[in-house]
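For reference, the structure discussed in these notes is given below.
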There are 2 protein chains.
Amino acid sequence: MNIGNASERSGLPTKTIRYYEDIGLLKPDRADNGYRDYSMSDVHKLRFLQRSRGLGFSVEECRQLLALYEDKDRASADVKLMAQSKLREIDRKIIELRELQHTLNHLVAHCHGDQRPDCPILENMSGKG
Amino acid sequence: MNIGNASERSGLPTKTIRYYEDIGLLKPDRADNGYRDYSMSDVHKLRFLQRSRGLGFSVEECRQLLALYEDKDRASADVKLMAQSKLREIDRKIIELRELQHTLNHLVAHCHGDQRPDCPILENMSGKG
DNA sequence: TTAATCTTTCCAGTAACTGGAAGGTCAAGG
DNA sequence: CCTTGACCTTCCAGTTACTGGAAAGATTAA
């Protein structure tokens with residue numbers, strides 16, 4: 001599959017896909033004409049990168065996450081430790097998103113453009129430390 | 001409050017805090033000695049920025065989110081529309097995080113370093129389109 | 001008063017893309 | 001066969017969002 005097709009399926013711009021190849025996140029085959037040739041597995045990885053990047057994980061963290069299922073030589077304990085650390089991060093992110101959600105809901109429901117400097121939203125907004 | 005203190009309370013490096021001021025996200029007072037002087041409101045904003053940036057929102061999106069409770073002149077309908085759009089984004093992010101969580105849990109539970117190229121995780125990993 | 005620890009500005013470097021030029025490839029229509 | 005347009009290639013420059021470091025002023029503690 002050509003890069004344009006992989007782009008559509010993954011939701012990533014072609015520029016970004018080539019960039020991810022440059023920094024060694026994936027290595028698609030090449031057709032005889034020199035075009036990159038993406039497998040479904042490549043597309044899965046790209047889609048995964050698209051998601052995890054959008055959720056605030058750095059490229060290096062994404063590289064580690066990809067390694068979790070790619071690196072077959074890694075010891076099981078290492079994999080588990082790494083995955084569990086990421087799971088805790090994800091838990092925290094979900095909680096933060098729920099708080100943000102709550103704050104915005106509150107804003108929509110109660111502050112019709114007339115909020116004062118001491119608007120209670122300001123308190124929730126910060127997550128209170 | 002000095003920048004170091006604001007940094008501790010917000011979780012943002014001082015460098016980043018100054019950068020956010022450069023690009024006009026907040027404007028702390030200045031003490032007589034020239035030091036920046038952060039109010040609790042400033043710290044709330046910084047903490048909010050720290051969170052929303054970490055959750056994958058761009059600086060410009062964060063600027064809009066901040067505007068949601070700062071811009072008292074904005075019409076209520078506009079505020080609601082914007083907030084609701086952000087709420088849908090947040091919903092999507094939470095779903096994606098849950099899927100990622102599910103994938104990692106599956107990895108920890110079932111793939112002890114012996115996963116094959118056709119490992120079922122690969123399917124889930126990509127969110128199936 | 002001196003040393004350590006702030007703080008300031010400025011400027012350069014990095015991370016993660018993003019846009020554009022210059023050119024090769026391919027599928028469709030005349 | 002030839003052309004046109006949509007693809008693809010590489011390369012290089014620009015942008016976003018920081019990040020590090022230098023040089024110098026301010027504050028605190030001994």
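Naming: A, B, ... by sequence-line order, numbering from 1 per chain.
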Spacing of [X] atom [atom1] relative to [N] atom [atom2], expressed in whole Å:
X: A:Q50; N: C:dC17; atom1: CD; atom2: P; result: 11 Å
X: A:D22; N: C:dA15; atom1: CG; atom2: P; result: 14 Å
X: A:E61; N: C:dA15; atom1: CD; atom2: P; result: 14 Å
X: B:R30; N: C:dT8; atom1: CZ; atom2: C1'; result: 8 Å
X: A:E21; N: D:dC8; atom1: CD; atom2: P; result: 13 Å
X: A:D37; N: D:dC7; atom1: CG; atom2: P; result: 17 Å
X: A:I17; N: D:dT9; atom1: CD1; atom2: C1'; result: 15 Å
X: A:R18; N: D:dT10; atom1: CZ; atom2: P; result: 7 Å

query = Checking B:K93 against B:F57: charged group under 6.0 Å from the ring centre and within 45 degrees of the axis?
reply = yes
Note, [X] side chain near [Y] side chain (heavy atom, < 4.5 Å):
X: B:P28; Y: B:E21; answer: yes
X: B:L65; Y: B:K86; answer: yes
X: A:D37; Y: A:R30; answer: no

Please tabulate, for side-chain N and O atoms in residues 11-18 of chain B, each donor-acceptor pair with protein atoms closer than 3.5 Å (sequence neighbours left out).
none

query = With distance as the sole criterion, is a donor-acceptor pair present between the side chains of A:R98 and A:Q101 under 3.5 Å?
reply = no
message = D:dC7, OP1 or OP2 - any side-chain N/O from A:R36 closer than 4.0 Å?
response =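 No.
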query = What string of B, S and - do you get for nucleotides 15-22 of chain D, 5' to 3', when a contact is any protein heavy atom under 4.0 Å?
reply = --BBSBB-
ask   = Reading nucleotides 24-30 of chain D 5' to 3', which nucleotides get B (base under 4.0 Å from a protein heavy atom), which S (sugar-phosphate only), which -?
value = -BBS---
query = Out of B:Q50, B:K27, B:R53, which residue meets the side chain to side chain contact (heavy atoms under 4.5 Å, CB included) rule with B:Y20?
reply =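 That would be B:R53; it is the only one of B:Q50, B:K27, B:R53 passing the side chain to side chain contact (heavy atoms under 4.5 Å, CB included) with B:Y20.
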inquiry  = On a heavy-atom basis, which atom in A:I90 and which in B:L97 lie closest, and how many Å separate them?
reply    = CG2-O, 3.6 Å
inquiry  = Can you tell me how far apart CG (B:L100) and CZ (A:R51) are? Round to the nearest 0.5 Å.
reply    = 8.5 Å
